[in-house]
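Quick one: this structure, given as structure tokens, is what I'll be asking you about.
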Amino acid sequence: MTVNFKQVFSQADLSKTDLAILNCILDNPDACIDEGIRAVSARCYSSPSTLVRLAKKLGFRGYLELVYFIKFNLAMAPAYLAERPSPAAFSLQQQAQFLDLLDGGKILIHGSGFSQLVAQYMYNKFMTLGIDSYLSLWPDFDILDRETRFRFNMVIVISKSGNSSSALSWGEAVKRNNIQLAAFCGDGDSPLAQQADMSFIYEDRQKYDHDIYYPNPFFGHCLLGFENLIKAWFERRNR
């Protein structure tokens, strides 16, 4: 498999030697753990100190931490896709809060890039159910700062990473206007998830694939999770 290390470690200026070392680790991370830093450095026509400096440059405490990161986050990622997806992460209190707002509020939904597809689906579903909802697929979050008749009670933002500039700008505008923020994303530790009033986390096992190049079930998980919320909405109304 191939990985764009310049994208994964975008904060670092990677040389040809750095890339050769990283690809060597990616090819067989278990061997890099078992054989030790000297054997790996010899295979890469480098030195142990060069490998240590590379790990430090990338923000790791040492060589082994770098190897384990590549093993579990990059080399093993495609195999993860065949496993049973983990359940969504959110609290019943957050679910109840979300359902309350569906019953009695104006809802604005935003998603950009691939997340637009999820946002459009949510909007279509809400329209079918008679839920007062609006859709924004562009970075026009400044609409929230305007004095209009569209005073929203909740804004839903869908973002796989929870760290894109568009999603974070929306989140800041929502909080600035004292509106409830519901985040649908793939990383519970992301800035968007942390600032949201309701965070619905659906597993993303390709966190560093920002261009959505590899097969990624996140958006499917997100839609299934949303349908489960709608199911809970129906069940509550039929009690």
Side-chain angles (χ1 to χ4, degrees), residues 1-86 89 111-117 139 158-169 183 185-194 201-222:
M1 65 171 294
T2 59
V3 170
N4 186 343
F5 283 108
K6 288 189 175 181
Q7 182 184 73
V8 174
F9 301 112
S10 57
Q11 78 284 3
D13 183 16
L14 297 176
S15 66
K16 289 184 178 179
T17 299
D18 295 336
L19 292 171
I21 293 170
L22 293 171
N23 280 299
C24 178
I25 297 172
L26 178 69
D27 288 341
N28 196 339
D30 288 326
C32 293
I33 295 170
D34 295 338
E35 296 174 4
I37 190 170
R38 292 185 181 279
V40 176
S41 62
R43 191 184 309 136
C44 298
Y45 305 101
S46 187
S47 66
S49 60
T50 299
L51 271 66
V52 172
R53 283 197 298 271
L54 173 60
K56 298 282 189 182
K57 179 166 75 172
L58 299 180
F60 299 99
R61 288 174 293 183
Y63 162 76
L64 277 179
E65 188 172 295
L66 169 61
V67 176
Y68 279 115
F69 171 85
I70 291 175
K71 175 180 178 179
F72 290 110
N73 290 278
L74 302 175
M76 293 178 63
Y80 285 162
L81 299 178
E83 297 180 4
R84 184 180 180 88
S86 297
S112 60
F114 282 86
S115 295
Q116 287 186 358
L117 303 175
I158 303 105
S159 171
K160 184 180 88 74
S161 69
N163 197 33
S164 68
S165 58
S166 172
L168 294 182
S169 295
C185 54
D187 186 353
D189 294 324
S190 64
L192 180 66
Q194 292 296 310
I201 310 303
Y202 301 99
E203 189 172 25
D204 172 20
R205 292 179 172 179
Q206 295 283 5
K207 294 185 188 299
Y208 301 96
D209 182 19
H210 302 301
D211 294 329
I212 324 295
Y213 179 80
Y214 297 105
N216 194 318
F218 164 76
F219 300 101
H221 293 170
C222 196

Residues 10-35 vs ring-ring contact (aromatic ring centres under 6.0 Å, His included), sequence neighbours excluded, gives none
Applying side chain to side chain donor-acceptor pair (under 3.5 Å), can you list everything that pairs with D34, at least two apart in sequence or on another chain?
none
Rounded to the nearest 0.5 Å, what separates atom CG in L19 from atom CG in L14?
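Going from the CG atom of L19 to the CG atom of L14 covers 5.0 Å.
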Please round to the nearest 0.5 Å and tell me the distance separating atom CD1 of I21 and atom OG of S41.
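It comes to 8.5 Å.
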Nearest atoms (heavy-atom pairs only) where V40 meets C32
CG2-CA, 3.6 Å
Any donor-acceptor pair under 3.5 Å linking the side chain of T50 with the backbone of S46?
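A pair under 3.5 Å: no.
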Sequence neighbours excluded, which residues qualify as ring-ring contact (aromatic ring centres under 6.0 Å, His included) partners of F60?
F69
Between the OH atom in Y68 and the CD1 atom in I33, the distance rounded to the nearest 0.5 Å is 4.0 Å
Under 3.5 Å, is there a donor-acceptor pair between the side chain of K160 and the main chain of D204?
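Here the side-chain-to-backbone pair does not exist.
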Who are the salt bridge (Lys or Arg N to Asp or Glu O under 4.0 Å) partners of D30, not counting sequence neighbours?
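Result, salt bridge (Lys or Arg N to Asp or Glu O under 4.0 Å) vs D30: K71.
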Close side-chain approach of S115 to F219, heavy-atom, < 4.5 Å:
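Counting from C-beta outward, S115 and F219 do come under 4.5 Å.
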Who pairs with L117 by side-chain contact (heavy atoms from CB on, under 4.5 Å), at least two apart in sequence or on another chain?
none
Run the side-chain contact (heavy atoms from CB on, under 4.5 Å) test against S164 and tell me which residues pass, sequence neighbours left out.
S159, S161, S166, A167
Which residues share a side chain to side chain donor-acceptor pair (under 3.5 Å) with K57, sequence neighbours left out:
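So K57 forms a side chain to side chain donor-acceptor pair (under 3.5 Å) with D18.
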Name all pairs fulfilling the salt bridge (charged side-chain N to carboxylate O under 4.0 Å, His left out) condition that reach into residues 38-52, sequence neighbours left out, sorted by first residue then second.
E35-R43
With S49 via side-chain contact (heavy atoms from CB on, under 4.5 Å) - residues at least two apart:
S47, R53
Under 3.5 Å, is there a donor-acceptor pair between the side chain of E203 and the main chain of G186?
no
Excluding sequence neighbours, so at least two apart, what forms side-chain contact (heavy atoms from CB on, under 4.5 Å) with S190?
C185, D187, L192, A193
